[in-house]
Structures are given as C-alpha cells and as structure tokens.
Amino acid sequence: MSKEKPSIPKGTRDFGPAVVVKRNYIFGVIKRTFEKYGYLPLETPAMEQLSVLTGKYGDEGDQLIFKVLNSGDFLSKTSAADIAQGSKHMVRKVSEKALRYDLTVPFARFVVMNRNEISFPFKRYQIQPVWRADRPQRGRYREFYQCDADVVGTNSLLCEAEIVQMIDEVLSTLGLTDFSIKINHRGILAGIAEAIGEKGREGELCVAIDKLDKIGKEGVRKELMERGIATAAIEKLEPLYDLSGSNQNKLTELTNLLGQTTEGSRGLSDLQEVWKYLEQLQSKALTTENPSGQPRLQLDATLARGLSYYTGCIFEVKVNNANMGSISGGGRYDNLTGMFGLPGVSGVGFSFGVDRVYDVLEELHLFPDSSQVGTKVLLVQFDKESEQHALPLLQQLRDAGVASELYPEPAKLKKQMSYADQKRIPFVVLIGSEEIASGKLKLRNMQSGEQQDFSPDDLVAYLAR
RNA sequence: GUGGUUGUAGCUCAGUCGGUUAGAGCACCAGAUUGUGAUUCUGGGGGUCGUGGGUUCGAGCCCCAUCUUCCACCCCA
C-alpha cells in the first residue's frame, strides 16, 4: 500500500463546525427574508445536461463550466477524426453532463419543464453550491454557494423594487452599514451605444466601461480604441462618466443624452418606475446614507455585468469598507426560457455570493455571539455510579431545551474540564460521591470560575432560563 | 486560459555561501495536582523539508516537471 497524502481539489474547501455554524446564520437571515417576500425554496441537481448550460454564459462562461466525463468507456463513441477536430468538438463526444454554473439557468430549465404545474408569476429561492473552473483568488472559489431569488412570468417592475428591498434588508440585518446597491439598465447601455453612433456594439462598450473605477478614464479610452470604437464616439461617451448629484439628477441628465433613442428611453422609464415603487414602499435604500454621504441605492450608468442574458435592469452590490468584489448581482432576463422553447416569459432575479458575504462579515467582525451555537453544559462523570446519576439529569436538561452533553467516559477530571474549556462550554456540572450523598450538584461557571450548589430541579431551571 | 508568487512539525514561521544529527514559538501528551479548565513549573512525542526527477563527493537551499497557495489579468459571487 502506498501512503497517499490526501488533498482536495484546487479552489475547494472543507468547512469545520465553527464555519458551518456561522454560515448557517447567514443562510437563516437570507431564507427568512426571501420567504417574507413570498419566495419558496427549490432545489435542482448538481449536474445538468451539458447542452442546457452551454451558450448561456457567453464564450468565456462556457470555458468555465466543469464538464463531467461520460461513465464507462467514454472513448467508445469517438474516433481519431474527432480528436483531429479539436477539444471543443471532443468535449461533446465524451461529456454529456456538467456541474451547474449558476442557479438561474437551471431554474429557467425547471420552469420550462414544469410549465403546466406551476402558476405564474412563479417566485422561488434557491440556496445551493455552484462550480466554476476559474482560477482561484481572494473571494473566488471553484465551489461556492449562491442564494438566488427569482420571479418569472411578470414584467412588473415591482419585482425589481422588491429585489432592492430584499438586498437592503438582508445586508442590514447582517449588520452591514456601508454598502452600495448599484443599478443600471441594459437599455441605457444600448441607448448610449446608439447615441454615440456605435449601435449594436454595446457589448464591447460594456466590458470597457465596466472597468472605469478600476482603470480610470484613460484606461477605458485606450481599451475602446483598441476595440476599434471611433474617437469621436469615445469623446461623446465621456460625459457619462461624470454623472453626479442625486439619482434623480442623473436620470434627468441621462434623459437629455439618451431620451431620443428607443432603447435608452425604455431603460429610463423602467428606472423611473422602479424608483416610484421604492418611494411608495418607503424604501430605506433610498433614504439611508452610507458614511460617505451617498444613498445606498445608486444609479450607475457605467455598470455593465457580463452575463449575456440580461435585458433590463441590472444590479450589483459592493461593500465599501471591505476588500471584496461584488457580493451580489442580478438582473432581468426576457428570454431565458425562450432558449428552452418557452418564449414570452420574462424573469428577474439576483443572487448573494454567500462565501463572499461570509468573508466580509469575518473581516468586519460582524458575526454576533448569538450566531455561535454550541453545548451549554457539560456533565462530568467520575465513575459508573456518577454516570448512573448523570443520565436522568442529562435527559431532563435536553427536554428543557438546554444543549447538554455527558462526557462519555470517566476520564480524568482535568481532561474533562479542558474538553469543556476548548469547546467553550460555559457550564460544567460535577456529579461525584459528595454530590450523590448530599443530593446537591455542583455547577461551575467556566468563565468566572465560581461554583454553586443546586438541587437537580433547580439546576435545570437555572440553565433553562 | 496568460503572467507572477508560495510550500519546512498540527498552526505561524526561522534555517547563513550547497557542508556534521533541520530549529523556535504556539498547540498536543505526561507529570507537579488520584475532585477542578483557562494561568505557572518540569519533561516528552512529533519532519520522506509539497511531490517526482536531475546536478553534486554532499541538496531544505541549485535546475526541470508537477501539484498547491496567494496575487495581477480575463472574467465573475
């Protein structure tokens, strides 16, 4: 037998008890919020047919999909000629399944397959891991959890407004105070392209403009020139970078610039309506200010987002006082189900990247003590007789809702005490010959070191309070 | 996918110009203390120096490959 050192694949992680407990706290906040807004849970398989996923995320995205090798003799249907045609062709021959890349496309697939069973508008949330064959980096993993909430079967912009509300509520509940919910509209981006005479090239414009806060005005100009955008067009574009003032002010300025374009005016009226809904909902995202004095919800005409299936509003969330990429993103997609043969169903949704939220909460020390669950009391035993006396009490404590455990063997007291210490168990009960004789149990507070005698009933009552 | 970076005890890291038996702190185990953890004192265990090749009389150190880590692109949660 060769001694093999075990390891896990690049970009994946094990999660110890302390981490899972804290992550569950995040899941809990998100679930409760989603359910409050009328979304219900859905789960789909880790694997999808490869054909379901390909072509939905753009060329870059396709490359990041983890393909699953066919079972059995996966070469049986291939020939030397297939190899000669290159890996792209080969993949289809040896792989029919793939790990899901996000939760939105599997959801669209589910909606199409179950169109007769579900009633629209259909609202669902989904909390499951997704996989991307990306190169790992800070806040970027190959396996990570997404928490999606989507609604399909309605064009109402109330959904967009509610997404803003849910993002604001979840992040506020988690204790974050300095974050920006950025919103834009694909129509605005298309309108910009049209207004500067580069209609139809908004895709390329987006990739470049999206980098504005990273590479600056000059960098964007350079990149646009490399992509062959006319210099005159680039100059026309630049006033957009400096949109300032209130969101309403930005909308007005944009109307002046893009009001004449069909796509631009579609985007602007959509955004106006979202704002109207938010005002009527008395949204805190409109009224709460970040420490920088900016409102939480910010119209950002340079926000682009890569996923190619978005057609309407797009969202992205950034935590301003933490070193982390976007922790949430989403948008409206008008034709995602159309790709599976069900046209005319519009959807909108967004996703939290839980692993990033986790890293941010950790960095900002925002996990509350109450999110750390664990054993409250450890019963220490000395011998068989003390174990006999401890067992009924153990059950009594658990019946009273107190997380408790009995050390499973009569180990040395020191050993049992350090077990409690390391597990941060706040109380220890000693049941030895003295206690059995007197009927009074000794309760030790591990933090203060104080000890107090209790009758069994009083002890349970004391710990259950 | 491109460019760079990292790996030595369970953890964080020293390790000189390539030279004898690879070190420290913390953690762990045992004892001081057979009914008291975290503090103190004493002792102890623990390493194929990521892995596989190569150069050399000799490699933790140099070379190649590979895996992993982190970072910048690309892209994204």
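In what follows, every chain begins at residue 1, and chains take the letters A, B, ... in the order their sequences are listed.
The shortest side-chain heavy-atom distance between A/Arg332 and A/Ser346 falls under the 4.5 Å cut-off. Annotation: side chain of A/Asn320 is in contact with side chain of A/Ser180 (closest heavy-atom distance under 4.5 Å). No side-chain heavy atom of A/Phe352 sits less than 4.5 Å from a side-chain heavy atom of A/Asp148. Two residues are said to be in side-chain contact when any heavy atoms from C-beta on lie closer than 4.5 Å; A/Tyr57 and A/Leu64 fail this criterion. Counting only heavy atoms from C-beta outward, the side chains of A/Ile183 and A/Asp300 never approach each other to under 4.5 Å. Contact of the A/Tyr25 side chain with the A/Pro368 side chain is registered, since non-hydrogen atoms from C-beta on lie closer than 4.5 Å.
Of the C1' atoms belonging to B/U48 and B/G3, the separation is 33 Å, rounded to the nearest Å. Of the P atoms belonging to B/G35 and B/G43, the separation is 27 Å, rounded to the nearest Å. For the C1' atoms, the distance from B/G58 to B/U51 is 22 Å, rounded to whole Å. Remark: the separation of the C1' atoms in B/G18 and B/C62 is 8 Å, to the nearest Å. B/U33 and B/A24: their C1' atoms are spaced 29 Å apart (whole Å). If you take atom C1' in B/C13 and the same atom in B/G60, they sit 14 Å apart, rounded to whole Å. Nucleotides B/C71 and B/U6 are separated by 14 Å at their P atoms, to the nearest Å. Spacing of C1' atoms, B/U56 relative to B/C17, comes out at 15 Å, to the nearest Å.
Taking the six-membered ring for Trp and thresholds of 30 and 60 degrees, A/Phe427 and A/Tyr462 have ring planes more than 60 degrees apart, a perpendicular arrangement. Using cut-offs of 30° and 60° on the angle between ring planes, the pair A/Phe367 and A/Tyr358 is tilted. Under the 30°/60° scheme for interplanar angles, the aromatic rings of A/Phe34 and A/Phe350 are found to stand perpendicular.
With salt bridges taken as basic N to acidic carboxylate O contacts below 4.0 Å, none links A/Glu169 and A/Arg296.
If A/Gln63 and A/Ile431 are placed on RNA chain B by their nearest nucleotide, the residue sitting closer to the 5' end is A/Gln63. Toward the 5' end of RNA chain B, the nearer of the two residues A/Lys412 and A/Val317, judged by each one's closest nucleotide, is A/Lys412.
Contact annotation for A/Phe352: no contact, since no heavy-atom pair falls under 4.0 Å across all strands. Among the protein residues, A/Gly58 comes within range of no part of the nucleic acid, since none of its heavy atoms lies under 4.0 Å from any strand. Here A/Gly330 lies out of heavy-atom contact (under 4.0 Å) with every strand. Counting non-hydrogen atoms under 4.0 angstrom, A/Lys318 reaches nothing in the nucleic acid. In this structure, A/Gln137 reaches the bases: a heavy-atom distance under 4.0 Å links it to at least one base atom across the strands shown. Contact annotation for A/Ser433: base contact, defined as any heavy-atom pair under 4.0 Å involving a base atom. Here A/Glu434 lies in heavy-atom contact (under 4.0 Å) with a base. If you check every strand for non-hydrogen atoms under 4.0 Å, A/Gly325 touches nothing.
Here B/C75 presents its P atom at 7 Å from CD of A/Glu223, a figure rounded to the nearest Å. Atom NZ in A/Lys182 sits about 15 Å away from atom P in B/C76, given to the nearest Å. Atom-to-atom, CD1 of A/Ile8 to C1' of B/U69 comes out at 12 Å; the value is rounded to the nearest Å. One atom, CE of A/Met324, and another, C1' of B/C76, lie 13 Å apart when rounded to the nearest Å. Nucleotide B/U69 holds its C1' atom 12 Å from the OH atom of A/Tyr141, rounded to whole Å. The CG atom of A/Leu379 sits 16 Å away from the C1' atom of B/G35 (whole-angstrom rounding). One atom, CG of A/Asp355, and another, C1' of B/C76, lie 13 Å apart when rounded to the nearest Å. Computed from coordinates, the A/Arg135 CZ to B/U5 C1' distance equals 12 Å when rounded to whole Å.
The cationic group of A/Arg132 lies under 6.0 Å from the six-membered ring centre of A/Tyr101 and within 45° of the ring axis, placing it in a cation-pi geometry. Judged by the 6.0 Å distance and 45° axis criteria, A/Arg356 is not positioned over the aromatic ring of A/Phe144.
Checking B/C74, B/A77, B/C71 against the side-chain heavy atoms of A/Glu60 singles out B/C74 as nearest.
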Exercise. So what does the secondary structure string of RNA chain B come out as, 5' to 3', with Watson-Crick or wobble pairs under 3.5 angstrom, [ ] for crossing and | for pairs with another strand?
Worked result: ((((..(..((((.....[...)))).(((((.......))))).....(((((..]....))))))..))))....
Show each protein N/O and nucleotides 36-42 of chain B N/O combination with a separation under 3.5 Å, one pair to a line.
{"residue": "B/U36", "atom": "O2", "partner": "A/Arg444", "partner atom": "NE", "Å": "3.3"}
{"residue": "B/U36", "atom": "O2", "partner": "A/Arg444", "partner atom": "NH1", "Å": "3.1"}
{"residue": "B/U36", "atom": "O2", "partner": "A/Gln451", "partner atom": "OE1", "Å": "3.0"}
{"residue": "B/U36", "atom": "N3", "partner": "A/Gln451", "partner atom": "OE1", "Å": "2.6"}
{"residue": "B/U36", "atom": "N3", "partner": "A/Gln451", "partner atom": "NE2", "Å": "3.4"}
{"residue": "B/U36", "atom": "O4", "partner": "A/Gln451", "partner atom": "NE2", "Å": "3.2"}
{"residue": "B/G37", "atom": "O2'", "partner": "A/Asp421", "partner atom": "OD2", "Å": "3.1"}
{"residue": "B/G37", "atom": "N7", "partner": "A/Arg444", "partner atom": "NH2", "Å": "3.0"}
{"residue": "B/G37", "atom": "O6", "partner": "A/Arg444", "partner atom": "NH2", "Å": "2.6"}
{"residue": "B/G37", "atom": "N1", "partner": "A/Met446", "partner atom": "O", "Å": "2.5"}
{"residue": "B/G37", "atom": "N2", "partner": "A/Asp421", "partner atom": "OD1", "Å": "3.3"}
{"residue": "B/G37", "atom": "N2", "partner": "A/Met446", "partner atom": "O", "Å": "2.5"}
{"residue": "B/A38", "atom": "O4'", "partner": "A/Asp421", "partner atom": "OD2", "Å": "2.9"}

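Evaluation of atom-type donor-acceptor distances gives a pair under 3.5 Å for the side chain of A/Arg140 against the base of B/C75.
Residue-nucleotide stacking is not present for A/Phe382 and B/G35, judged by a side-chain ring centre under 5.5 Å from the six-membered base ring centre and planes under 30° apart.
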